[in-house]
Amino acid sequence: MFEWYSDATAEDRDCPVPASVASERARCPNCYREKGRRLVLSAPVNASRVRLFACEACGAHYFEGPMAGAYSDLPAGGTDALAFYLQQGANIGGMAMRLEALSRPPGTAYVEVGCGFGLSLDFARRMLGWQVLGLDPSPFAVAGRDQLGVPIESRYLEANGLDHACADVIHASEFIEHMADPVQMLATLRQALRKDGTLLLTTPAAEMIRPDTGDGLLVPLLSPGWHLVIQSAESLGWALREAGFETVSVVREGAQLVAVAGRLPGAAMPDATSRVRYRDWLRQVAETVPADSDLGFGVRARLYRELVTAGLAEADAVWTALDAVAQERWGNQLERLGAAPMDALSLETLVTREPLGLAGLLLARGWVQKQTGKPPQALFEGAIRAAGRLRAALRDLGADDGDAEDLAFAAEAELILLAAERSEHGIATRLRALREAGGQRHADTTAATCFIALVNKAAFDEAKQLGGVARSVIAKLREPARPLTWADASVVYCAAAMELQVEGGRPALAVTWLGELRARILNHHQSSGPQGTAAGADLFWPAVDAEMLGWRLQGQHRTAIQVAADAERAAKGARFPARAT
């Protein structure tokens with residue numbers, strides 16, 4: 001789909017333009033400078049191709065070539081694309097929590113540019129008490145205005161197209177990348193803000209435009225023919241200041257930039273408490289719209305995932321309600337829908353056969369089953385298949401979904417962990433394959449848990465294949481500023497225990513690790529206060545016993561006795577819980 005270029009290889013590729021274009025001088029639409037540009041890739045749009053360049057002055061990336069269509073038209077997939085947006089695609093949780101974190105009072109004048117269906121408008125009006133207005137020319141906005149009753153003007157925003165000082169907060173989510181002249185549009189937003197007003201802006205991150213980024217993130221990030229200028233953190237900060245904002249914060253969150261300009265919130269954005277009001281909003285919307293509608297099912301599905309993540313018992317009742325809707329609308333229970341093969345279906349067909357957010361539901365249900373001791377494997381496997389069906393249907397339309405890709409990675413990581421708990425072979429190979437597919441974050445997180453599981457099952461040959469996990473954690477254990485976690489403590493303990501049990505093990509190294517571990521646990525206990533519980537506290541006395549064993553294996557029995565005495569004194573001095581009798 002994409003043709004990638006570099007200065008070194010442009011002449012060797014089937015380049016649609018002369019290789020000399022790879023570093024030609026041209027005027028950047030973001031910073032207006034002509035320092036030079038680098039050809040990054042080309043991509044298909046309808047029957048033609050567009051070229052993406054990187055500005056060597058500001059770092060922004062920009063497309064040259066034909067547009068795919070008008071925003072006032074239905075997108076590829078038509079009304080089925082709206083079903084996807086409501087059931088799975090809209091990142092309303094992230095938007096809602098960022099709005100709440102601004103800490104603005106009821107009555108705040110709020111304008112959202114490119115509001116789409118208007119979900120965050122409804123959140124701001126319903127949960128925050130703001131006075132809201134949306135601008136969006138798309139059919140999605142018309143549907144949202146009808147279903148949610150939120151005020152949305154069906155129009156494009158032109159330069160100077162907002163009244164002066166009309167808003168306390170302006171939200172532009174996934175908007176500025178569609179502008180041919182970003183600075184001019186940012187200046188329009190700036191003049192529309194009142195004194196002490198805040199602009200909240202999200203946009204794709206140019207830093208993620210690289211060949212190793214998975215298609216689930218890369219395709220919607222690029223959106224050839226729709227996106228014009230894709231900002232880097234540096235170029236967006238420059239553009240905001242050029243537009244007149246004096247105070248600017250730009251943070252990259254994965255494949256997205258989150259910018260706040262003007263009056264910044266007093267606290268970090270967002271925090272865990274922000275999710276409480278978001279869950280309340282999901283509950284309220286669920287009570288006011290039909291459960292079998294795309295919106296009704298979508299908010300209930302998001303609520304279920306939220307409740308499971310928060311560990312709330314309410315999740316089971318929501319699952320039962322979703323399962324009933326699935327049987328009524330799609331003719332089967334959710335788990336059975338997930339068992340369908342990974343067929344290549346059109347979005348038009350898929351939307352009639354299953355919920356488009358099925359992968360997330362099955363993954364969350366698998367977590368619940370795992371916590372309650374019920375077999376979760378079929379649910380994780382179903383999540384992977386459901387994510388695959390959705391992504392195939394979207395790719396057929398030239399789109400993709402990063403959330404579905406990430407859900408499949410998470411489910412595969414869970415399956416690898418289950419295999420490790422069964423002492424199966426090939427765990428390191430499966431983790432490596434997950435990393436290479438783009439799921440590095442999940443592979444890295446799961447590798448430590450797999451190592452612990454394999455050692456606990458005495459599957460030492462397999463555990464040795466993950467030796468890099470232990471070496472990394474032990475190195476970090478020696479960094480005083482790094483907080484100790486239970487997982488880190490468990491990895492160190494298991495690595496030492498393995499050295500004490502395997503033929504040819506290194507007991508001298510094991511006792512060093514165990515001594516460092518118990519010292520860190522005691523230090524953490526003291527710093528956590530009288531009511532605190534040290535991470536890995538349950539491993540302190542087992543670490544002492546293992547260290548004593550290590551010294552005995554080296555023939556140093558007196559040292560082993562001394563270790564026990566030193567540990568008793570240190571624990572008493574730190575007011576650490578005494579050894580259980």
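Residue numbers count from 1 along this sequence. Scope of the values below: all heavy atoms of this structure, side chains included, with no hydrogens, waters or symmetry mates.
- We find the NE2-CG distance between His227 and Leu222 to be 8.5 Å, quoted to the nearest 0.5 Å.
- The backbone N or O of Arg263 sits nowhere less than 3.5 Å from a side-chain atom of Asp196 that would complete a donor-acceptor pair.
- When atom types are taken as modelled, the side chain of Arg241 and the backbone of Gly237 share a donor-acceptor pair closer than 3.5 angstrom.
- Side chain of Arg300 to main chain of Ala286: a donor-acceptor pair is present (N/O by atom type, distance under 3.5 Å, no hydrogens or angles).
- Proximity of Phe63 to Ile230: side-chain heavy atoms (C-beta onward) are separated by under 4.5 Å at one or more points.
- From Leu356, atom CG reaches atom CZ of Arg389 across 10.5 Å, with rounding to the nearest 0.5 Å.
- A side chain to side chain contact (heavy atoms under 4.5 Å, CB included) with Asn30 is found for exactly one of Cys55, Ser235, Ser232, namely Ser235.
- Shown here is Glu348, whose CD atom has no more than 12 heavy atoms of other residues, nucleotides or ligands within 6.0 Å.
- In this structure, Tyr278 and Trp281 have parallel ring planes: the angle between them is below the 30° cut-off, well short of the 60° mark.
- For the pair Asp316 and Val368, the minimum side-chain heavy-atom distance is below 4.5 Å.
- Remark: the Ser173 side chain and the Arg98 side chain contain no N/O donor-acceptor pair separated by less than 3.5 Å.
- The environment of CD in Glu234 is sparse: at most 12 heavy-atom neighbours from other residues, nucleotides or ligands sit within 6.0 Å.
- Partners of Arg283 according to the salt bridge (charged side-chain N to carboxylate O under 4.0 Å, His left out) rule, which considers only residues two or more places apart in sequence or in another chain, are Asp280, Glu314.
- Judged by distance alone, the side chain of Arg49 and the main-chain N or O of Ser42 form a donor-acceptor pair under 3.5 Å.
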So Ser120 and Tyr110, side-chain contact (heavy atoms from CB on, under 4.5 Å) or not? Walk me through it.
-> CA-CA 11 Å; Ser120 50; Tyr110 171 65; 4.1 Å; yes
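- Side-chain atoms of Arg385 come within 3.5 Å of backbone N or O of Ala340 as a donor-acceptor pair.
- Side-chain contact between Leu128 and Leu102 is absent, with no heavy-atom pair separated by less than 4.5 Å.
- Using a 4.5 Å cut-off on side-chain heavy atoms (C-beta onward), Leu193 and Ile170 make contact.
- Summarising the geometry of Asp73 relative to Pro139, their closest heavy-atom pair is O-CD, 3.6 Å, with the distance given to 0.1 Å.
- Minimum interatomic distance between Met342 and Ile384 (heavy atoms only, all atoms of both residues): CE-O, 3.7 Å.
- When side chains are defined from C-beta on, Leu189 counts as touching Leu157, because their heavy atoms get closer than 4.5 Å.
- Checked by atom type and distance alone, the side chain of Ser48 never pairs as donor or acceptor with a backbone atom of Val45 at under 3.5 Å.
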Audit row: Leu228, Met179, side-chain contact (heavy atoms from CB on, under 4.5 Å) steps and yes/no | CA-CA 6 Å; Leu228 298 178; Met179 298 296 107; 5.9 Å; no
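- No side-chain donor-acceptor contact under 3.5 Å links Thr213 to the backbone of Leu218.
- Side-chain atoms of His61 come within 3.5 Å of backbone atoms of Gly59 as a donor-acceptor pair (strictly under, hydrogens ignored).
- The heavy-atom pair separating Asp136 from Ile152 by the smallest distance is N-CG2, 4.2 Å.
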Run the numbers on Thr309 and Arg275 for side-chain hydrogen bond (donor to acceptor under 3.5 Å, both in side chains), then give the verdict.
-> CA-CA 11 Å; Thr309 302; Arg275 306 203 79 94; over 6 Å; no
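- Here the OG1 atom belonging to Thr247 is positioned 11.0 Å from the CG atom belonging to Leu240, to the nearest 0.5 angstrom.
- Residue pairs satisfying the ring-ring contact (aromatic ring centres under 6.0 Å, His included) criterion with at least one member in residues 139-177, sequence neighbours excluded, are listed as follows: Tyr85-Phe140.
- Residues meeting the side chain to side chain donor-acceptor pair (under 3.5 Å) test with Arg210, sequence neighbours left out: Asp212.
- To the nearest 0.5 Å, atoms OH (Tyr32) and CZ (Arg27) are separated by 7.0 Å.
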Could you give me the CA-CA distance, side-chain angles and deciding distance for Asp215 and Arg391, then say whether salt bridge (charged side-chain N to carboxylate O under 4.0 Å, His left out) is met?
-> CA-CA 10 Å; Asp215 284 350; Arg391 293 188 64 202; 5.4 Å; no
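- How far CZ of Arg329 is from CG of Leu322: 12.0 Å, rounded to the nearest 0.5 Å.
- In terms of modelled atom types and a separation under 3.5 Å, the side chain of Asp343 and the main chain of Leu345 share no donor-acceptor contact.
- Heavy-atom minimum distance, Val308 versus Ala315: CG2-CB, 3.9 Å.
- Atom CZ of Arg336 has 12 or fewer heavy atoms from other residues, nucleotides or ligands within 6.0 Å.
- Using modelled atom types, one side-chain atom of Gln191 and one backbone atom of Thr188 make a donor-acceptor pair closer than 3.5 Å.
- To the nearest 0.5 Å, atoms CZ (Phe380) and CG (Leu363) are separated by 6.0 Å.
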Could you walk me through whether Cys58 and Arg33 pass the side-chain contact (heavy atoms from CB on, under 4.5 Å) check?
-> CA-CA 9 Å; Cys58 72; Arg33 287 175 281 187; 3.9 Å; yes
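- Using cut-offs of 30° and 60° on the angle between ring planes, the pair Tyr304 and Trp319 is tilted.
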Could you walk me through whether Phe84 and Leu390 pass the side-chain contact (heavy atoms from CB on, under 4.5 Å) test, one step at a time?
-> CA-CA 9 Å; Phe84 163 70; Leu390 175 60; 4.0 Å; yes
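- Gly225 and Met67 get closest at one heavy-atom pair: O-CE, 3.1 Å.
- Taking the side chain as every heavy atom from C-beta outward, Arg126 and Thr288 approach each other to under 4.5 Å.
- In the model, Asp168 has no side-chain atom that pairs as donor or acceptor with a side-chain atom of Trp130 under 3.5 Å.
- Residues Arg145 and Ser154 bring a donor and an acceptor atom of their side chains to less than 3.5 Å of each other.
- Side-chain contact between Ile176 and Met185 is present, with at least one heavy-atom pair separated by less than 4.5 Å.
- The aromatic rings of His442 and Phe409 sit tilted relative to each other, their planes meeting at an angle between 30° and 60°.
- When side chains are defined from C-beta on, Arg279 counts as touching Leu307, because their heavy atoms get closer than 4.5 Å.
- Contact detail for Arg252 and Ala205: the closest heavy-atom pair is CD-CB, 3.6 Å.
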